[in-house]
There are 2 protein chains.
Amino acid sequence: MNEHILKKAFDNHFEASIEVWKAFADLCEEVHFKKNEKIKEVGKTAKYGYFLIKGSCGLFVWKENNFICTDLILENNFFADDISLLSGKPSQIEIVALENSTILQISKSNIDLLKKTPMGNILFLAGEENSTIEKQTQQIEMMTLTAEERYLNLMKNRPEIIQRVHQKHIASYLGITTQSLSRIRKNLLK
Amino acid sequence: MNEHILKKAFDNHFEASIEVWKAFADLCEEVHFKKNEKIKEVGKTAKYGYFLIKGSCGLFVWKENNFICTDLILENNFFADDISLLSGKPSQIEIVALENSTILQISKSNIDLLKKTPMGNILFLAGEENSTIEKQTQQIEMMTLTAEERYLNLMKNRPEIIQRVHQKHIASYLGITTQSLSRIRKNLLK
DNA sequence: CAACAAAGTTACCGTATGGCAACAAATCAC
DNA sequence: GTGATTTGTTGCCATACGGTAACTTTGTTG
């Protein structure tokens with residue numbers, strides 16, 4: 001049944017028959033995480049890539065006594081501790097379920113299998129490309145925009161995030177304190 | 001002869017015979033760029049990946065009337081307009097030789113060839129991994145450190161950059177104005 | 001080498017954002 | 001549901017950095 005979710009999520013980007021998605025889904029395992037449960041812990045090595053079916057997740061980096069949010073994930077998206085998954089080494093990255101979440105997880109060895117199929121190759125290449133572009137964009141926004149402009153961008157591009165994720169995480173994601181975010185929000189109610 | 005340069009550059013990371021590097025080098029073409037010459041222009045599609053043999057290069061993103069420096073490259077490193085090279089689409093990225101430079105360039109099709117060899121696969125995977133980690137680190141530094149701390153980090157980690165690259169590029173790379181960088185430098189002479 | 005252009009410095013002032021601290025509001029646990 | 005934690009708000013003040021603009025230094029080109 002999960003193949004239909006995958007197919008639907010990528011129908012706009014890839015033409016692939018349901019059988020292809022079935023093959024994909026068969027390499028995955030459906031798992032569930034409670035709110036605030038850790039999906040991947042700091043100091044450990046990533047074993048899986050993930051596709052979020054339901055809920056929301058946050059990626060954080062442990063840095064000098066606090067966690068910085070590097071990414072916020074909603075339904076129908078892939079996510080992973082890229083660094084650790086690619087290198088096979090432990091990382092300082094933590095992944096947490098921000099709501100009760102349903103996830104498809106796929107092991108590193110199955111990812112490698114998939115990458116060898118034409119479809120998987122295209123899919124993962126596109127994934128890498130997306131994440132590279134996103135990181136680049138994020139970096140540039142951080143360097144050129146004010147916190148308020150970044151928040152407005154987020155509201156425009158991913159409005160659901162604003163409604164479903166704690167402000168402390170959004171603030172961290174935007175690179176500011178929760179106080180600053182609170183002031184920005186107040187200011188926007190002008 | 002370039003195979004020796006490649007072997008030497010990666011001897012600490014990969015055990016590979018000179019024949020393997022020869023095969024690599026044979027897929028490359030040695031090219032030369034004068035100082036300030038554009039290696040890749042904004043709005044065009046990347047055709048090559050690069051390995052810098054001699055000189056220095058800068059990667060910039062065109063953003064609202066000015067160029068932001070996203071990376072500074074010295075000898076013995078790979079670099080590329082990743083986004084465009086991966087996607088096959090034009091990008092807003094420009095690559096410029098900051099000094100007279102000698103470069104090995106390798107076409108996208110040859111990269112794809114190499115990726116299918118065991119050695120090439122490991123090499124490019126390691127490259128992706130490095131660049132992911134670097135981007136992540138850069139982003140976190142931008143969010144958590146002051147401009148002065150970032151400059152000190154750069155001095156510590158890549159001192160040659162400070163000596164060989166214009167301050168305006170370093171400032172841009174650090175996400176500040178050249179005035180601010182000038183003040184920071186003055187301050188450090190305390 | 002002279003003349004010009006590019007890069008870097010300094011001063012002045014404005015402003016976005018951080019840190020502390022007290023409080024209010026929302027959520028969680030039993 | 002009631003108390004206890006967590007999250008978000010607000011005021012006050014400190015500070016890092018940006019923008020403008022004048023100036024100096026360095027580099028380029030004929």
Side-chain angles (χ1 to χ4, degrees), chain A residues 33-38 55-56 58 60 63-69 72 96-100 139-155 161-190, chain B residues 33-38 55-56 58 60 63-69 72 96-100 139-155 161-190:
Chain A
F33 292 92
K34 288 254 165 68
K35 180 172 180 174
N36 292 326
E37 205 175 337
K38 283 176 192 156
S56 56
F60 302 86
K63 188 84 184 183
E64 286 154 22
N65 306 326
N66 52 2
F67 282 101
I68 295 162
C69 181
L72 294 168
V96 181
L98 303 179
E99 304 170 309
N100 293 337
Q139 191 194 335
I140 292 168
E141 292 205 344
M142 191 65 65
M143 282 167 55
T144 58
L145 303 183
T146 65
E148 179 169 317
E149 290 169 323
R150 276 175 269 149
Y151 181 70
L152 287 170
N153 267 1
L154 188 64
M155 277 185 72
I161 294 277
I162 311 278
Q163 282 145 24
R164 288 169 55 185
V165 176
H166 275 314
Q167 278 180 221
K168 63 172 185 173
H169 294 140
I170 294 175
S172 171
Y173 180 68
L174 293 173
I176 57 178
T177 59
T178 92
Q179 294 98 308
S180 289
L181 178 54
S182 182
R183 287 173 201 124
I184 287 169
R185 286 164 59 87
K186 188 183 179 190
N187 202 276
L188 290 174
L189 294 176
K190 59 178 172 296
Chain B
F33 291 91
K34 289 253 165 69
K35 180 172 179 175
N36 292 326
E37 206 176 334
K38 285 176 190 155
S56 55
F60 302 86
K63 187 82 183 186
E64 286 154 21
N65 305 326
N66 52 2
F67 283 99
I68 296 162
C69 182
L72 294 168
V96 181
L98 302 179
E99 303 172 308
N100 294 337
Q139 190 195 333
I140 292 166
E141 291 205 344
M142 192 66 64
M143 283 167 54
T144 57
L145 303 183
T146 65
E148 180 168 315
E149 290 169 323
R150 276 176 268 150
Y151 181 70
L152 286 170
N153 267 1
L154 187 65
M155 277 185 72
I161 294 279
I162 310 279
Q163 281 144 25
R164 288 168 55 184
V165 176
H166 275 312
Q167 278 181 221
K168 62 173 184 173
H169 294 140
I170 294 175
S172 171
Y173 179 68
L174 294 174
I176 56 178
T177 59
T178 91
Q179 294 97 308
S180 289
L181 179 54
S182 182
R183 287 173 204 125
I184 287 168
R185 286 164 60 86
K186 187 183 178 188
N187 203 276
L188 291 175
L189 294 176
K190 57 176 171 300

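Below, chains carry the letters A, B, ... as their sequence lines are ordered, and counting in each starts from 1.
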By ring-ring contact (aromatic ring centres under 6.0 Å, His included), B/F67 pairs with (sequence neighbours left out) B/W62
Please report how far the helix from C/dC1-D/dG30 to C/dC30-D/dG1 bends, comparing the axis fitted to its first five pairs with the axis fitted to its last five, to the nearest 10 degrees. 70°
According to ring pair (Phe, Tyr, Trp, His ring centres under 6.0 Å), does anything in residues 171-190 of chain A pair up with another residue at least two apart or in another chain? List the pairs. none
Do B/I184 and B/L174 make a side-chain contact, defined as non-hydrogen atoms from C-beta onward lying under 4.5 Å apart? no
For the OG atom of B/S172 and the CG atom of B/L181, what is their distance to the nearest 0.5 Å? 11.0 Å
Tell me every residue that passes ring-ring contact (aromatic ring centres under 6.0 Å, His included) with A/F60, counting only those two or more places apart in sequence or in another chain. A/H169
Looking only at the side chains, is there a donor atom on one of B/Q167 and B/T178 sitting less than 3.5 Å from an acceptor on the other? no
Range on DNA chain C touched by chain A, heavy atoms, distance below 4.0 Å: C/dT17 to C/dC28
Give, for atom NZ of A/K34 and atom CG of A/N100, the distance between the pair rounded to the nearest 0.5 Å. 7.0 Å
All heavy atoms of A/I176 vs all of A/R150, minimum pair found to be CG2-NH1, 4.5 Å
Check whether any side-chain heavy atom of B/S182 sits under 4.5 Å from a side-chain heavy atom of B/Q179, and report yes or no. no
For residues A/L152 and A/L188, determine if any side-chain heavy atom of one lies less than 4.5 Å from a side-chain heavy atom of the other. yes
Where along nucleotides 7-22 of chain D does protein come under 4.0 Å, by heavy atom, of base (B) or sugar-phosphate alone (S), with - for untouched nucleotides? SSBBBB----SBBBB-
